[in-house]
Amino acid sequence: MAKYGDLEARPDDGQNEFSDIIKSRSDEHNDVQKKTFTKWINARFSKSGKPPISDMFSDLKDGRKLLDLLEGLTGTSLPKERGSTRVHALNNVNRVLQVLHQNNVDLVNIGGTDIVDGNPKLTLGLLWSIILHWQVKDVMKDIMSDLQQTNSEKILLSWVRQTTRPYSQVNVLNFTTSWTDGLAFNAVLHRHKPDLFSWDRVVKMSPIERLEHAFSKAHTYLGIEKLLDPEDVAVHLPDKKSIIMYLTSLFEVLPQQVTIDAIREVETLPRKYKKECEEEEIHIQSAVLAEEGQSPRAETPSTVTEVDMDLDSYQIALEEVLTWLLSAEDTFQEQDDISDDVEEVKEQFATHETFMMELTAHQSSVGSVLQAGNQLMTQGTLSEEEEFEIQEQMTLLNARWEALRVESMERQSRLHDALMELQKKQLQQLSSWLALTEERIQKMESLPLGDDLPSLQKLLQEHKSLQNDLEAEQVKVNSLTHMVVIVDENSGESATALLEDQLQKLGERWTAVCRWTEERWNRLQEISILWQELLEEQCLLEAWLTEKEEALNKVQTSNFKDQKELSVSVRRLAILKEDMEMKRQTLDQLSEIGQDVGQLLSNPKASKKMNSDSEELTQRWDSLVQRLEDSSNQVTQAVAKLGMSQIPQKDLLETVHVREQGMVKKPKQELPPPPPPKKRQIHVDVEAKKKFDAISTELLNWILKSKTAIQNTEMKEYKKSQETSGMKKK
């Protein structure tokens with residue numbers, strides 16, 4: 001940006017005039033804010049039944065009314081000191097500041113004495129901080145969270161532009177000059193409540209009438225307090241804070257639909273704005289409030305393009321530029337200190353970039369005013385006093401403009417340095433975190449997966465902790481995916497290429513860590529499930545073996561000389577043989593599961609323990625088979641000694657029935673083919689099985705051949721028992 005004219009500042013008269021213009025604008029805004037904020041406070045008090053205030057600066061000095069206001073906003077009771085001394089007032093105000101601090105309300109350079117002394121500017125600043133927190137941010141917090149935005153003004157402007165888009169006469173670009181003609185307020189209402197009034201009738205009204213119409217309709221049908229007075233809005237530069245206050249009241253009760261496209265459009269407004277200014281020649285008189293039927297106003301101050309310049313036109317153009325310059329200086333001063341949080345600095349950088357583009361868009365307007373002043377002085381139509389005054393105005397305008405430009409560029413440079421430093425720190429932190437995590441992974445890989453199931457469960461918990469750490473770090477990684485890279489003349493493309501290479505390497509390391517974590521988690525889960533299944537099935541088989549061993553003990557300890565006990569033993573042996581035939585498949589399956597777990601674990605100690613458990617079960621199985629063979633031999637010998645005719649028919653029939661039912665072999669369930677390598681099968685003693693089958697077959701044949709003889713014996717025994725029973729009854 002270039003300076004216009006080689007001008008030097010002269011003594012105080014011109015400076016005073018410039019300062020007077022700025023002070024006049026500031027006083028006007030303060031008066032409007034005082035009225036608007038007072039109405040807002042009284043609206044809150046009316047809801048809680050508290051008396052209204054009349055003079056904000058004096059009524060708030062003792063702090064009691066401020067505590068009343070905060071009670072309604074926070075919903076908590078706040079004690080107040082009722083004394084009338086300065087000490088009581090300071091205690092009340094300090095309690096107010098404490099409550100605001102507890103609610104995270106930002107206050108800058110505002111102390112208790114400022115409010116007690118009735119400092120207008122700082123009292124307004126305190127009230128605006130309260131309004132911004134509970135009226136603006138609180139109303140918009142949900143949609144800001146949904147859209148992941150932190151700038152409430154951007155959301156509000158996006159909502160307004162999206163709402164008023166169908167109205168060709170309305171083009172809202174800001175929260176000041178875009179609202180002076182009243183069309184925008186009415187458009188917001190008409191878009192959501194088209195039955196309330198005729199849009200064509202509103203267009204034909206004067207600006208004051210439109211503003212009064214909008215405020216009245218909003219109050220009557222939406223319950224919105226008349227915070228604004230039409231005459232305070234229908235000015236060249238209305239108060240931004242008051243308009244934002246009123247718009248958030250509308251936003252609170254109307255549908256809150258804001259799209260990402262609308263936000264992006266607002267973010268690109270300065271570029272559009274600059275293009276429009278370059279394409280249009282704006283006559284100086286168009287800065288006056290548009291009358292009905294006129295085309296939408298432009299936000300950029302009018303430029304002076306006429307060949308024959310007159311003093312009045314120059315003064316109007318100068319005032320317009322000074323008004324904008326005052327607003328730009330306020331905007332610059334209101335920017336927060338550079339944060340130490342990378343995401344906040346990104347937002348600050350984007351906001352300031354928008355501000356810098358706005359400066360660029362207004363540069364031609366400043367240059368045009370300076371050019372017009374030079375043109376007036378060269379025409380030779382001015383008096384010496386007028387020429388001196390214009391010279392002073394041009395000097396001060398140029399100095400003020402240059403100061404704002406330089407300060408803005410310095411802030412941009414500081415933001416750039418802070419952002420790059422924070423992002424560099426982010427990269428270093430991620431690299432350090434990855435190094436520690438990679439070392440952590442190497443240590444985890446070097447350790448066996450667990451000697452037993454509780455050890456494996458502990459590994460799962462430790463791995464879950466690693467997953468949680470990855471999820472926490474993911475937030476920072478996501479931030480790096482939206483890095484802001486500024487390429488300037490000093491760094492060039494080589495710095496960008498270096499940064500991209502660094503990001504790519506970190507990305508590859510991050511991906512490798514995530515992939516390993518996921519794969520190991522799946523592996524641990526699979527092992528845990530299989531191992532748990534193995535242990536549960538082993539417990540069931542052990543319980544089954546114990547039960548069968550006890551059943552066999554009863555057979556071996558029974559009295560084979562007693563035909564009834566012998567009959568029961570026959571049934572038990574038949575059932576046991578059938579049960580073992582069916583259970584043999586379970587033993588094979590346990591062997592396969594054990595081999596699967598062992599292969600996945602790759603832990604010799606755990607594999608040895610599982611093999612030992614499997615061998616122990618196999619030995620118990622083989623022992624049970626051998627004992628079954630021995631018991632069958634004993635039963636066969638006992639039957640031979642006892643003789644056929646002494647076995648009751650009833651017991652034998654029941655034994656035959658059970659044997660016939662139990663000996664029917666059920667089809668084995670088809671097992672899935674084992675994966676390579678081929679798994680070891682549990683060894684079953686083939687010779688013992690052949691002996692068991694031979695004994696069982698021999699026993700069954702003998703029982704079937706004895707069926708007729710036993711039936712006769714049973715009938716004799718039955719008649720004998722009946723005769724004995726009859727004798728006892730007699």
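As the structure is a computational prediction, the values presented were derived from the model and not from experiment. Start at 1 with the first residue, then count along the sequence. We use all heavy atoms of the structure for the numbers below, so side chains are in, but hydrogens, waters and symmetry mates are not.
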Parallel, tilted or perpendicular: which one describes the rings of Phe332 and His352, with boundaries at 30° and 60°? tilted
Over 60° means perpendicular and under 30° means parallel, so tell me whether Phe197 and His213 are parallel, tilted or perpendicular. perpendicular
Checking the side chain of Asp229 only, and the main-chain atoms of Glu231 only, is there a donor and an acceptor separated by less than 3.5 Å? no
Counting N and O atoms only, with roles assigned by atom type, does the side chain of Asn186 sit under 3.5 Å from a partner on the main chain of Gly182, one being a donor and the other an acceptor? yes
Not counting sequence neighbours, which residues clear side chain to side chain donor-acceptor pair (under 3.5 Å) with Ser408? List them please. none
Does Asp239 have any side chain to side chain donor-acceptor pair (under 3.5 Å) partners at least two apart in sequence or in another chain, and if so, which?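 Only Gln33, Ser242 meet the side chain to side chain donor-acceptor pair (under 3.5 Å) criterion with Asp239.
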Between atom [atom1] of [X] and atom [atom2] of [Y], what is the distance when rounded to the nearest 0.5 Å?
{"X": "Phe185", "Y": "Thr164", "atom1": "CZ", "atom2": "OG1", "answer": "12.0 Å"}
{"X": "Leu70", "Y": "Gln102", "atom1": "CG", "atom2": "CD", "answer": "10.5 Å"}
{"X": "Gln335", "Y": "Phe355", "atom1": "CD", "atom2": "CZ", "answer": "6.5 Å"}

Residues in side chain to side chain contact (heavy atoms under 4.5 Å, CB included) with Ala218, at least two apart?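 For Ala218, the residues satisfying side chain to side chain contact (heavy atoms under 4.5 Å, CB included) (neighbours in sequence not counted) are Leu189, Ile224, Tyr246, Leu250.
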Partners of Thr38 by side chain to side chain contact (heavy atoms under 4.5 Å, CB included), sequence neighbours excluded? Lys34, Asn42, Ile53, Met56
Can you name the salt bridge (charged side-chain N to carboxylate O under 4.0 Å, His left out) partners of [X], sequence neighbours left out?
{"X": "Asp62", "answer": "Arg64"}
{"X": "Glu212", "answer": "Lys226"}
{"X": "Glu344", "answer": "none"}
{"X": "Lys154", "answer": "Glu267, Glu347"}

Using every non-hydrogen atom in the two residues, find where Ser152 and Met140 come nearest and quote the distance to one decimal.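 For Ser152 and Met140, the tightest heavy-atom pair comes out as O-CE, 3.4 Å.
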Residues Arg411 and Asp336: closest non-hydrogen pair is NH2-O, 2.9 Å
In plain terms, say whether [X] and [Y] are close enough for a salt bridge, that is, a side-chain N and a carboxylate O under 4.0 Å apart.
{"X": "Glu421", "Y": "Lys424", "answer": "no"}
{"X": "Glu153", "Y": "Lys240", "answer": "yes"}
{"X": "Asp68", "Y": "Arg44", "answer": "no"}
{"X": "Glu265", "Y": "Arg165", "answer": "yes"}

Could you list all the side-chain hydrogen bond (donor to acceptor under 3.5 Å, both in side chains) pairs where at least one residue sits in residues 114-127, not counting sequence neighbours?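 Non-adjacent pairs meeting side-chain hydrogen bond (donor to acceptor under 3.5 Å, both in side chains): Arg86-Asp117.
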Residue pairs passing the salt bridge (Lys or Arg N to Asp or Glu O under 4.0 Å) test with at least one member in residues 124-136, sequence neighbours excluded, are none
Side-chain donor-acceptor pair under 3.5 Å between Thr177 and Asn174, yes or no?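 Yes, because at least one side-chain N or O of Thr177 sits under 3.5 Å from a partner of the opposite role on Asn174.
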Do you see a donor-acceptor pair shorter than 3.5 Å between the side chains of Asn91 and Glu81?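 Checked: Asn91/Glu81 side chains pair up, N/O donor to acceptor below 3.5 Å.
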Determine all donor-acceptor pairs shorter than 3.5 Å in which one atom belongs to a side chain in residues 253-263; sequence neighbours excluded.
| residue | atom | partner | partner atom | Å |
| --- | --- | --- | --- | --- |
| Gln256 | NE2 | Phe251 | O | 3.0 |
| Thr259 | OG1 | Gln162 | OE1 | 3.2 |
| Thr259 | OG1 | Ala262 | N | 3.2 |

side-chain hydrogen bond (donor to acceptor under 3.5 Å, both in side chains) between Ser48 and Glu71: does it pass, once the steps are laid out? CA-CA 10 Å; Ser48 58; Glu71 278 186 347; over 6 Å; no
Listed once per pair and sorted, the ring pair (Phe, Tyr, Trp, His ring centres under 6.0 Å) pairs that draw on residues 34-93, sequence neighbours left out: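 Qualifying pairs: none.
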